[in-house]
2 protein chains.
Amino acid sequence: MVVAAQSLEELCINAIRFLAIDGVEKAKSGHPGLPMGAAPMSFVLWDKFMRFNPKNPFWYNRDRFVLSAGHGSMLQYALLYLTGYDSVSLDDIKQFRQWGSKTPGHPENFETAGVEVTTGPLGQGICNGVGLAMAEAHMAATFNKPDATIVDHHTYVILGDGCNMEGVSGEACSLAGHLGLGKLIALYDDNHISIDGDTAVSFTEDVGMRFEAYGWHVQAVPDGDTNLDAIQAAIEAAKAVTDKPSLIKVRTTIGYGSPNKQNTGGVHGAALGGEEVAATRQNLGWDYPPFEVPEDALNHWRKAIDRGAKLESDWNGALDTYKSKYPAEAAEFERRLSGKLPEGWVSALPTYTPADKALATRQTSEKTLNALAQAIPELIGGSADLTHSNLTLLKGFPDFQKGSYAGRNLRFGVREHGMGAICNGIALSGSGLIPYCATFLVFADYMRAAIRLSALSQAGVIYVMTHDSIALGEDGPTHQPVETIASLRAIPNLLVFRPADGNETSGAYKIAIERRNQPSLLAMTRQALPNLEGSSFEGVARGAYILSGSDDLPEIILIGTGSEVSLCVQAAEKLRADGRKVRVVSMPCWELFEEQDEHYKNAVLPKADQKRLVVEAASSFGWHKYSGSEGAIVSIDRFGVSAPGNIAMEKFGFTVDNVVAEAKKVLG
Amino acid sequence: MVVAAQSLEELCINAIRFLAIDGVEKAKSGHPGLPMGAAPMSFVLWDKFMRFNPKNPFWYNRDRFVLSAGHGSMLQYALLYLTGYDSVSLDDIKQFRQWGSKTPGHPENFETAGVEVTTGPLGQGICNGVGLAMAEAHMAATFNKPDATIVDHHTYVILGDGCNMEGVSGEACSLAGHLGLGKLIALYDDNHISIDGDTAVSFTEDVGMRFEAYGWHVQAVPDGDTNLDAIQAAIEAAKAVTDKPSLIKVRTTIGYGSPNKQNTGGVHGAALGGEEVAATRQNLGWDYPPFEVPEDALNHWRKAIDRGAKLESDWNGALDTYKSKYPAEAAEFERRLSGKLPEGWVSALPTYTPADKALATRQTSEKTLNALAQAIPELIGGSADLTHSNLTLLKGFPDFQKGSYAGRNLRFGVREHGMGAICNGIALSGSGLIPYCATFLVFADYMRAAIRLSALSQAGVIYVMTHDSIALGEDGPTHQPVETIASLRAIPNLLVFRPADGNETSGAYKIAIERRNQPSLLAMTRQALPNLEGSSFEGVARGAYILSGSDDLPEIILIGTGSEVSLCVQAAEKLRADGRKVRVVSMPCWELFEEQDEHYKNAVLPKADQKRLVVEAASSFGWHKYSGSEGAIVSIDRFGVSAPGNIAMEKFGFTVDNVVAEAKKVLG
């Protein structure tokens, strides 16, 4: 009996390996290589360091664990099962990658309790980890007292070569170094193998040196396959360094234990196959049938349950002490964790009348953000180095910097993609923080993979995107969004707003703040817009509404968004002066309009009225859904051009006269 | 007279500064700070090193110059004007950022001869530079002979803090270090200022150390404002290192010479204003009126014309020698530079009949790429570490690696964004090279900013994107494109193909290869598809065509793309068995269909027939344009799910029975 030769630790580690091997084998799909190689470091981390409560995955002060190399998802499912989470049973592991299972191909926070963030697209998880660590630092700086600590946890990340090759990880890790996030500890599964084989074909940089350049504390564990003591010592050393994030480069063998496939690309992303599974069992002395974990190992792993119960109980004690000493702060802390917004916050939102000065929506956004900053202390965010263009500074509040983590103005640098991924981490931190981030709308392209993950993983990030059309002018087509709005509307579960004026801006922020399980993206103008008669705070919540001309059935409906609504209003006046019956519909958010019932939708855009003119200074792509069978679209179906904004708008047909002329064509 | 105190070099440098200052001032828009600070290094580079011919901006063996910090465009326009390019006159500089000018807000290769690539979106230019250097290395390795060199030029890049913060630059620079691109020399305008002010707020990493970690040769010039000798020595040293790319960190003062604004964020992106312009003139002793360049300076700068004529003439001599020694190679070299494709290449494209085995379109793509590799030696490309999933290896050809630059298989690593930007550089290198690059379709999001720039800058990159729907299966929603195709169709000037089978794959590649001023993106399946009766190589060129049921006016038109065309074919058979008149339209490329005349469009999708059913395993977004006022769309308007691909397709309604049922609903 070979098993006798295995130490308890080896048994525990091999339990991870064989759950992964067997799960992938049964699914005939998945990535066994990473779990097999990263099992030792995962055992050390989860058994000796990670503070968590399997029976309450949402205990706030838990350490966060992110598997940035999300394709190794079976590693995470094995850990959750072994440590006693209810979210992953042995049956769930047997259902790996099947329809309706709790064990999808990549870790999904919205499917599986215990999974903090959704990973798989490489590089995202480590950035989420930076966001989680920032959230911890902010909450600790905000709530902890010299004599009472209630926020104190680490964020651990396992990342691989792929994560390290992706630029997004470099962005966030550079910022993490700048910020000195001492409680962020990343274990780099350095196995020298990616899907194309040996990383020698494309990735020969000195990763450790790069992280040192970022300002990280860097260590190496040359034998991550068997030297558990070295892994443990490295994590201990990393924890001891409190003013820098830590990278531990753990040299491992991908697919460790598979006699014919370890250390090859072949073990990365495919099942081992029956023969090799048998050979691996033989090689590692694993006599147990598929999905069976030896009792000794399971008993040891499951000690996490008692350990976790005690950790949470101790923390509850600390929180009670805190409550008695600092009742107001404790109440605020609990309010935030509950996700309940402060009483009366909605009344902070600015309102406008047509008499108010014309403002760019980036300016009404600035007013709104600053009003909300006072009313909602959990609002935190910033811009990718365009603070004074995006107008996103929370005035009177300090920066979030090393040594001043209570600050709420985040300085992301020119790192859009990292910014989005960091905000996903903040949004999913369980801290109640509401992150916003900003750049020019066209640079949504740089961060699109993070925006998609906000939508998929139900992270309520608020994207403040200014300079939303060719009207930004001279910067030219590289900076002028044309197709950008359409490309964002196409993303499921993302609310895309293009407010027409101040009231609509407030209305958009109201929804964006409320929807904590859904990201919102607000497209704002660079140029000033009048405050419109009839523009409606409440109307925004319905996605589209009748701004004027509601009394009777119109001959034509003008549909506008954002800066073009005022054009529609002026065109409607001219058309009405000609005796035409014209309705103007403002449509700040397609997705909310689609949420309405058929009655409301038909009241705003009656099926019977197919003469419609859509006016939007962007691509027509997607608008045929609303323009009607007898309608038309004033749009821009080419790239823009460098010229003053008003000239560009005029040349592309965004004038009252042209809208009137196009409307007359539709009227026939 | 202050001018007397200035050396000729100072005059030449200040000429750049004041053209930039005056140009921005007249436009009341632009970025004077970078040109003022980077003028000294630019003078040294362009006056003492750069080999180019102002009277022939397209001379092949010129050194390439990329202003990666594209917002400093006036620097480049000043250089082009001063050195005597016909593309930028003094009048053009006065028209900076105006409608129809040759001097747009950011450098645009398609507007201004002498501008190699389109920059402005930060980080892209340095990656383009990597691509340009790779193109040079490949051409040199392919054509140079021990006794005859015809390809030998450098690529110089000026990049700023913003470029260095963007992750995309890290991706490409890591690869450049790996590849040892010795002829790539980047000057880092290290001015410590970005739009948000001092880089100390967000960017404190050690950039030089990071580039050393990438394997670059790194130097520093501590005084880049006045120490021209140090700049010159550094560039000389960089040229002497031939096995590594070089970074020269040049410490400069942004807005140098502006007494009240230099070294502040205020000089980054706004005109100085009249008073400060006057103060700067005073400070730098510049007594000339706006837009006047002193004769001594202009005469010196314009020596570039004679120098350039001689450089090109010498090269023509070398080329003549080469022609006489190596006539076949010379003919091939000239063919490539002319952009003429090899005779008969089209016949290399595979053709299929319905009797042929069902193949995934990623497999027919593999066959096509490999057939084209034999017929078109200028085809070069690879995958972002998914070679054996994307099936993009050119079999029998070596890798492009350090020491084997003649190889045509590029190994990008997990660096999608850098890959796209590198391919833009290759496509715009003037070498005739046709770059392709590959990843999973969903990861188009990672590289979208580069794809957009392909489209804008008319770079004929071929994007090979596999795993194009939920049918990829188990990897789940992080990997399943849903909205991706729509988001790409929205990009102007990008051809998006979704071929239905082998013949359509060949048809798509035919167009993609031919269109050298337009990028193409091919979306390919993971799963096998039958070769369809009636599928048409030629039909692809028209974007959409009648695949079956063309004889008379149908009762319903089924419109499919890619993997769903075969579903439509099977559904049509069932419907016809019920006595229905059904037409099946395959629509592999919307953009090409839109290029057709109204007659053709109406023949395929008659305006009179509005009963249509679109079937595409993706978002319905955009399809209402074609689905008709009485039509419907079988689509997926939510994220996918982890499950075997056939199960996922079935659950989401992509079955023959469901298509038949939906068609019957449309028929009423």
Side-chain angles (χ1 to χ4, degrees), chain A residues 29 97-99 104-106 120-122 162 165-168 170-171 174 177-178 194-196 201-206 209-210 213-215 385-387 411 413-415 417 445-446 448-449 452 456 474-478 483 486-487 490-492 619 621-622 624-625 629 638-639 642-643 647, chain B residues 29 97-99 104-106 120-122 162 165-168 170-171 174 177-178 194-196 201-206 209-210 213-215 385-387 411 413-415 417 445-446 448-449 452 456 474-478 483 486-487 490-492 619 621-622 624-625 629 638-639 642-643 647:
Chain A
S29 171
R97 295 187 153 221
Q98 303 308 302
W99 181 270
H106 293 82
L122 292 172
M165 284 190 254
E166 291 285 6
V168 65
E171 293 179 8
S174 174
H178 168 78
S194 62
I195 294 180
D196 273 8
V201 302
S202 61
F203 188 53
T204 50
E205 64 167 61
D206 184 334
M209 184 179 183
R210 171 156 64 90
Y214 291 149
D385 196 51
L386 291 170
T387 304
R411 301 289 192 165
V414 191
R415 304 181 180 103
H417 197 178
D445 282 1
Y446 270 72
R448 187 174 168 89
R452 184 182 209 258
L456 176 61
E474 292 90 342
D475 273 347
T478 52
E483 77 289 8
S487 78
I491 298 178
S619 167
F621 198 91
H624 295 83
K625 183 171 184 180
S629 56
R638 48 158 287 187
F639 289 113
S642 174
I647 305 282
Chain B
S29 171
R97 295 187 152 222
Q98 303 308 303
W99 181 269
H106 293 82
L122 291 171
M165 282 190 256
E166 292 284 6
V168 65
E171 293 179 8
S174 173
H178 167 79
S194 63
I195 294 180
D196 272 7
V201 300
S202 62
F203 187 54
T204 50
E205 63 167 62
D206 184 335
M209 185 180 184
R210 172 157 62 91
Y214 292 149
D385 196 51
L386 291 170
T387 304
R411 300 289 191 167
V414 191
R415 303 182 180 103
H417 197 177
D445 282 1
Y446 270 72
R448 187 173 168 89
R452 184 182 209 256
L456 176 62
E474 292 90 342
D475 273 347
T478 53
E483 77 289 7
S487 78
I491 298 179
S619 167
F621 199 91
H624 295 83
K625 183 171 185 180
S629 57
R638 50 158 287 188
F639 289 113
S642 174
I647 305 283

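A note on names: the letters A, B, ... follow the listed sequences, proteins ahead of strands, and every chain is numbered from 1. Because the structure is a prediction, the values reported are computed rather than measured.
- The side-chain heavy atoms of Glu166(B) and Tyr446(A), taken from C-beta on, include a pair separated by under 4.5 Å.
- Both the backbone and the side chain of His106(A) come within contact range of chain B, each with at least one heavy atom under 4.5 Å from a heavy atom of that chain.
- Across all non-hydrogen atoms, the minimal contact from Pro121(B) to Thr478(A) is CD-CB, 3.6 Å.
- Judged purely by atom type and a 3.5 angstrom limit, His178(A) has no side-chain atom pairing as donor or acceptor with the backbone of Glu205(B).
- Chain B forms the most heavy-atom pairs under 4.5 Å with one residue out of Asp445(A), Asp196(A), Thr204(A), and that residue is Asp196(A).
- Chain B forms the most heavy-atom pairs under 4.5 Å with one residue out of Gly105(A), Ala490(A), Gly622(A), and that residue is Ala490(A).
- With a 4.5 Å cut-off on non-hydrogen atoms, Arg210(B) touches chain A through its backbone and its side chain both.
- Counting heavy-atom pairs closer than 4.5 Å to chain B, the top residue among Arg415(A), Gln98(A), His624(A), Arg452(A) is Arg452(A).
- Interface summary for chain A: among Leu386(B), Leu456(B), Thr387(B), Val168(B), the most heavy-atom pairs under 4.5 angstrom belong to Leu456(B).
- Summarising the geometry, atom CD belonging to Glu474(B) is positioned 3.5 Å from atom OG belonging to Ser29(A); distances are rounded to the nearest 0.5 Å.
- Contact count against chain B (heavy-atom pairs under 4.5 Å) is highest for Ala449(A) among Gly177(A), Ser619(A), Ser629(A), Ala449(A).
- Shortest non-hydrogen contact noted between Asp475(B) and Arg97(A) is OD1-NH2, 2.9 Å.
- Of the listed residues Gly167(A), Gly170(A), Ser487(A), Pro492(A), the one with more heavy-atom pairs under 4.5 angstrom with chain B than any other is Pro492(A).
- Using bins of under 30°, 30° to 60° and over 60° for the plane-to-plane angle, the ring pair Phe621(B)/Phe621(A) lands in the parallel bin.
- Here the CZ-CD distance, from Phe203(A) to Glu171(B), works out to 10.5 Å after rounding to the nearest 0.5 Å.
- With chain B as partner, the option from Asp206(A), Asp385(A), Leu122(A) having the largest number of non-hydrogen pairs under 4.5 angstrom is Asp385(A).
- Nearest heavy atom pair, residue Ser202(B) against residue Gly413(A), reads OG-CA, 3.4 Å.
- Contacts of Ser194(B) with chain A are made by both backbone and side-chain atoms, with heavy-atom separations under 4.5 Å.
- When heavy atoms are compared at a cutoff of 4.5 Å, Arg638(A) approaches chain B solely by way of its backbone atoms N, CA, C and O.
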